[in-house]
Amino acid sequence: MTCSKHSNTSVPEVAAIVFPVVAIGASAGGLDPIVAFLANVPQESGIAYVVIQHLDPTQKAMLPELLQRATSIPVTEITHQAELRPNHIYVIPSNADLGLSKGRFVLSEPVQLRGHRLPINTFFESLASELGELAVGVVFSGMGSDGTRGLQAIKQAGGLTLAQHPDTAKFDMMPQSAVAAEVVDVVDFPDKMPDKIITYLFRSSFLSLPGHEPNGRNSLQEIVALLSEHTGNSFTDYKINTVLRRIERRMSLYQMTSMEEYVPYLRANPAEIDLLFKELLIGVTNFFRDPKVWEYLKMVVFPQMLAAHPDGRAFKAWVPACSTGEEAYSLAMVFHEVVASINPPSKYSLQIFATDLSADAIDRARQGHFPHSIISDVSAERLARFFVNDKNGYHVKKEIRNTIIFAQQNIISDPPFTKLDILCCRNLLIYLNAKLQQRLIPLFHYALNRDGILLLGSADTPGHFYDLFSPLTTSTRLYRRLDNLAPQRLPTYFPTKVSLASPPTPSDTREVSMTGKIQSHVEQLLLQKYSPAAALLNQDGDILYINGRTGAFLEPAAGKANWNIHAMAREGLRYELASLIKQALQSESVVRLKGLVVKDHLGQSLGVDLSAEALSQPESLRGMVFVTFSSAPLVTEVRRGRSPNPKVLELEQQLAQARNEVQAVRDEMQTSREELKSANEELQSTNEELQSTNEELTTSKEEMQSLNEELYTVNAELQSKVDDLSLVNSDMKNLLNSTDIATIFLDSELRIRRFTAPATQIYKLIQTDLRRPLSDIVNDLDYPGLEDDALEVIRSLVFCERQVETKTGRNVRIMPYRTIENVIDGVVVTFINITESKLLEAQLRQIQSGAAAAGNSGENVS
């Protein structure tokens, strides 16, 4: 194999590929479906086929030879810079990554370690980039998820994607992963795929019909109307060619030739409308697309943002059209890496709002679960730091997931998020027409803060809005917001529904407006004058919400901020509140306590009535406690000089003692809590160590799995070879027996290796005599020098032929035994029966003698 890094010779340019290419990816158990597929491919299909399989990097692949038996199409192993041609089948060599550039194959040495290589994804992505709509990707049996991300790239480029039906695969993980990712157009049996591919690829395009045919325009309008009615979203502002291309893809899968056929099918099948809707959304994305952009964010943009706020700050970001969330998670990971690199640590946070039109995509993004194929996009360091590995893929850790809020949103009609520091909109604007792009760019400007950052896709630009954004670099699509938005460029919001009611008259409008204001003012006045001070607590006493003025009853505790009511309660309420809340939770009813005395910040005494209620309705407040504070008159003090009741004094002493005991118990509880916290931290540390060990074991498991796949592939090839050898052995045995020639095969030490049935008539051979010296076997030959002649033949390589006597007479021929590597490894001894030829020879001599005698007698007579 010649890899790209070793080749310096110039290669002639090849014309752009104008024929389809079908890439077939398979792993363990993939040989049978590949053979079934190729056996049904016509010889002159006009398509090139490329087979990518997980192969043992240390062994030469036998796959080309095995596949050639299933088809008459030429099968060749790929070499570096080989030209791609139609009606050929190409097979990837072992220990190589494969790409495609300008119509030629590009081989390179694998970068990933063995066990982490994804050659199918690598070639599928290269094929999608090179051919676009002429690319076809097929995934067959195999373990893991290689091929899923590659099919995403092909589907995004407008190509066709297929997968073997998982029920028919020996190992269903690869096709099942592709189907679960919703990137497969056709799921079928391997032998039926060629016909569907050819029918799809060589369909007649109708892209020009809507522009020239009235029926085509009407059908397109009906399709758009059905989409709007069924999904509530309009695609009138999408680029017309994009819409037509996606409609054409769906029609081709059903072998329809006109949109007039497709419209009734849509009406009768609402599920097809959903599939067309997903097709139009083109929800394909990857982690860290355009690595240079993310590197610039990490090294320049984020550090500058943080440096502008040295005391810490909460930043906000919006990722519209987030699809399944990879862009949003990438943004969160890069921000965490930058914050973690700051010394000393500061209080920075990033809240990301990620939105998309597709509810299914948002649901998948919320789960934060991705297949193992992301290892080609996410570095091993990031996988270990931000993901948890399980048998089905990688799960985003909570520290990243909690920074993102996913929501369904129509960016065209719904209000935007505002006061943003970052807006990341990639892979969206290229599908929208110029009119809509001109409305969205000012909207993005409006949503961003001063000096906010706009990140666009590699094919997007702000257009002629050069006065709204300035590029940060020439190589990235990063722009900084400028503060010079003209009034005529203020963003316009687009209502999702248009009301059909008549607009109110000016007088009606004023009346409604005034009524609304009076009601609002009255409600506010009543709340201020007559609603009590109150606080909403959870079961631990943490304050969740405060109503009214609670300053007379609560005050912030000194030291670190603590919003627990037990810490904030003023003197005279702390112990009573604890008892009251406990009773309310136990009784699940309203508990009241009256006549309490509390001292304010000036030391003056105030009367207080408390009430606490454990809430059960509404559902969102279930389990919480609502505490109210009401001012009350002070209890009349005992007149000066009058001795208090001894019983009262005793009770007061008991109460003080009880309070001290409660305080002691509380202190003990606090100590226990600290100890538990310390133990919890130790457990977390142990858990992290176990998790690290688990990740190492998972890596070893992946390497073993990859090795197992390679061994399975090699085993399948060897099994095929064994079957071929068995067939050849049977043919050879039948050939030798059919010649009726006694033959004995001897090794270099004249031990018996093989013999034919007629040889047993000369040597007394049985099957157990194999590997025995020939000299040990009894024979009927009068040829004591046979062993010497055999050794001489091995030495001189000149065959020897003798006529020896037996009961029947034999001609013995001794020839060297040559292996297929042209190595002498013994001799072949053949015994040919010459009895009949000797008898004929004797009769001929007798006749000749008689004729000679008759001639002599005639001469004597004369």
Side-chain angles (χ1 to χ4, degrees), residues 227-229 231-238 277 280-281 283 314-325 327-328 331-332 349-363 365-366 403-457 460 462-463 465 468-469 479-501 503-504 509 512-513 516-517 520:
L227 282 167
S228 178
E229 178 183 350
T231 66
N233 298 287
S234 174
F235 290 89
T236 55
D237 290 316
Y238 267 53
F277 174 66
L280 288 168
L281 294 182
F315 295 94
K316 289 172 61 177
W318 179 25
V319 184
C322 69
S323 188
T324 49
E327 296 279 0
L331 189 65
S349 64
L350 177 65
Q351 181 70 69
I352 302 176
F353 303 97
T355 62
D356 196 87
L357 190 59
S358 171
D360 292 340
I362 288 297
D363 288 341
R366 284 180 179 141
T403 63
I404 307 175
I405 297 175
F406 290 100
Q408 188 177 5
Q409 182 201 42
N410 188 334
I411 189 176
I412 300 174
S413 58
D414 295 336
F417 294 92
T418 58
K419 298 182 179 180
L420 304 171
D421 299 286
I422 305 169
L423 198 157
C424 177
C425 181
R426 316 185 75 195
N427 200 36
L428 173 65
L429 297 180
I430 58 174
Y431 302 115
L432 307 179
N433 59 28
K435 178 182 177 182
L436 185 55
Q437 290 186 25
Q438 292 176 5
R439 299 167 73 180
L440 286 180
I441 296 300
L443 186 71
F444 293 163
H445 183 276
Y446 170 77
L448 284 166
N449 285 327
R450 181 178 181 180
D451 294 331
I453 301 300
L454 174 64
L455 173 57
L456 298 179
D460 301 331
F465 293 99
L468 301 185
F469 295 95
Y479 302 86
R480 189 180 301 280
R481 181 187 187 273
L482 300 177
D483 286 334
N484 50 358
L485 179 60
Q488 63 271 21
R489 290 193 172 182
L490 287 174
T492 304
Y493 296 108
F494 323 109
T496 54
K497 297 181 180 179
V498 179
S499 174
L500 300 179
T509 303
V512 172
S513 177
K517 288 182 179 179
S520 176

May I have the step-by-step check of side chain to side chain contact (heavy atoms under 4.5 Å, CB included) for D356 and Q409, ending in yes or no? CA-CA 5 Å; D356 196 87; Q409 182 201 42; over 6 Å; no
Determine yes or no for a side-chain-to-main-chain donor-acceptor pair under 3.5 angstrom, with K316 supplying the side chain and T418 the backbone. yes
Could you give the distance from CG (L455) to SG (C425), rounded to the nearest 0.5 Å? 9.0 Å
Using a 3.5 Å distance criterion without hydrogens, assess whether the side chain of Q408 forms a donor-acceptor pair with backbone atoms of L357. yes
If only atom types and distance count, is the side chain of R480 paired as donor or acceptor with the main-chain N or O of I453 below 3.5 Å? no
Please name the pair of heavy atoms, one in A354 and one in I362, separated by the smallest distance, quoted to 0.1 Å. O-CD1, 4.2 Å
Would you check if I411 and L428 make a side-chain contact, meaning some heavy-atom pair closer than 4.5 Å? yes
Separation of K419 NZ from Y446 OH (nearest 0.5 Å): 9.5 Å
Taking L448's backbone N and O only, do any of them form a donor-acceptor pair with R481's side chain (distance below 3.5 Å, no angle check)? yes
Evaluate the side-chain proximity of F406 to T355: yes if any heavy-atom separation is below 4.5 Å, no if none is. no
The reported gap from CG in L331 to CD1 in I404 (rounded to nearest 0.5 angstrom) is 8.0 Å
Closest heavy-atom pair and its distance - L423, A447: CD1-CB, 4.2 Å
Supply the atom-to-atom distance W318 CH2 to I352 CD1, rounded to the nearest 0.5 angstrom. 14.0 Å
Restricting to non-hydrogen atoms, name the atom on L420 and the atom on A317 that form the minimum distance, rounded to 0.1 Å. CD2-C, 4.1 Å
For a quick test of reading the model, state the closest non-hydrogen atom pair linking L468 to P442 and the distance between them. CD1-CA, 4.2 Å
Side chains of Q351 and I405: closer than 4.5 Å at any heavy-atom pair? yes
In the structure I gave you, are the side-chain heavy atoms of E327 and C424 within less than 4.5 Å of one another anywhere? yes
Okay, side chain of H445, backbone of L482: is any donor-acceptor separation there less than 3.5 Å? yes
Do F315 and N449 touch side chain to side chain, with heavy atoms closer than 4.5 Å? no
Parallel, tilted or perpendicular: which describes the rings of F353 and F417, with under 30° parallel and over 60° perpendicular? parallel
